[in-house]
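Everything numeric in this text was worked out from a predicted model, so none of it was measured. Basis for what follows: all heavy atoms, side chains included, without hydrogens, waters or symmetry-related copies.
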Amino acid sequence: MVELYTSEGCSSCPPADRWLSGLTADHSSSERVIPLALHVDYWDYIGWKDRFAQSKFSTRQREMVRLNHSAIVYTPQVMLNGKDFRAWGSDSFSRAVGEINRQPAYAWITLTLSPSGPNELQVTANARARSGAALYVALYENDLQSKIKAGENQGRQLHHDNVVREWYGPLSMDRDGRVTWQQIVQLNPEWVAAKMGLVAFAQDLTTGEVLQAIRLPWCAG
């Protein structure tokens, strides 16, 4: 799993945004990688408020940095299976993904969608993992555009994919290392269902390692 911490207020981020979109467009990569873009809010003060940013994503990044035994929070930052990965734009990324995918999964996850009303679905996630793990669920949207009118990227038209809209977790496991979670997810009127999907992943809360991740298109419901 790939987490990109990004911001529309950061002039260094558009190349990373394009790279992440490329992972989605490349069918061979999309079969091996689950990418998520988490827009942070700590650059909003420099002239442009990122409409996709949420404070919980900034908090998530700081926690991941702590688990990586670092004190440096920056954008764009890529976390690959919970580890800081600065060589994301090189061949090293493909090699690292290959090494990860050759390892067995250390958790078991199922994710289902079922209609529950107009523009809403019931999400059910089940997971089993080792002690000290938790489950997360993210709702994301592709093919988003922003015309930047101020700040470091003023005048640019930015394209985004895999943008996290909703984030649930950490969802704690019971004593047996299991969790079942259900949630009615209501689509915001500005979201486009055909361009959305869900991701569920299990993560070790001590090391930050992602133990397993799965993805399901919204239209599967």
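Listed by chain and number, the residues in a side chain to side chain contact (heavy atoms under 4.5 Å, CB included) with Glu166 are Leu139, Tyr168, Trp191 (sequence neighbours excluded). Judged as a salt bridge (Lys or Arg N to Asp or Glu O under 4.0 Å), and not counting sequence neighbours, Arg62 has no contacts. Scanning for salt bridge (Lys or Arg N to Asp or Glu O under 4.0 Å) contacts around Lys195 gives Asp143, with sequence neighbours left out. When the side chain to side chain donor-acceptor pair (under 3.5 Å) test is applied to Asn153, the partners found at least two apart in sequence or on another chain are Arg156. Listed by chain and number, the residues in a salt bridge (Lys or Arg N to Asp or Glu O under 4.0 Å) with Glu190 are Arg165 (sequence neighbours excluded). In this view, Asp204 and Arg130 satisfy the salt bridge (Lys or Arg N to Asp or Glu O under 4.0 Å) rule, not counting sequence neighbours. Applying the side chain to side chain donor-acceptor pair (under 3.5 Å) criterion to Ser172, with sequence neighbours excluded, gives no partner residue. Applying the side chain to side chain contact (heavy atoms under 4.5 Å, CB included) rule to Thr112 yields the partners Thr124; only residues at least two apart in sequence or on another chain are considered. For Arg178, there are no side chain to side chain donor-acceptor pair (under 3.5 Å) partners two or more places apart in sequence or in a different chain. Partners of Ser90 under the side chain to side chain contact (heavy atoms under 4.5 Å, CB included) rule, at least two apart in sequence or in another chain, are Ala87, Ser92. Every residue two or more places apart in sequence or in another chain that forms a side chain to side chain contact (heavy atoms under 4.5 Å, CB included) with Gln61 is listed here: Tyr5, Val40, Tyr42, Val65, Val73, Gln77.
For Ala105 against Gln212, the heavy-atom pair with the smallest separation is CB-NE2, 3.4 Å.
Distance check: Leu187 CG to Leu121 CG gives 7.0 Å after rounding to the nearest 0.5 Å.
Relative to the ring axis of Phe201, Arg215 does not place its NZ or CZ within 45° and under 6.0 Å from the centre.
A side-chain N or O of Glu152 and one of Ser11 form a donor-acceptor pair less than 3.5 Å apart.
Residue pairs meeting the side-chain hydrogen bond (donor to acceptor under 3.5 Å, both in side chains) criterion with at least one partner in residues 45-55, sequence neighbours excluded, are Glu8-Trp48, His39-Asp50, Arg51-Ser146.
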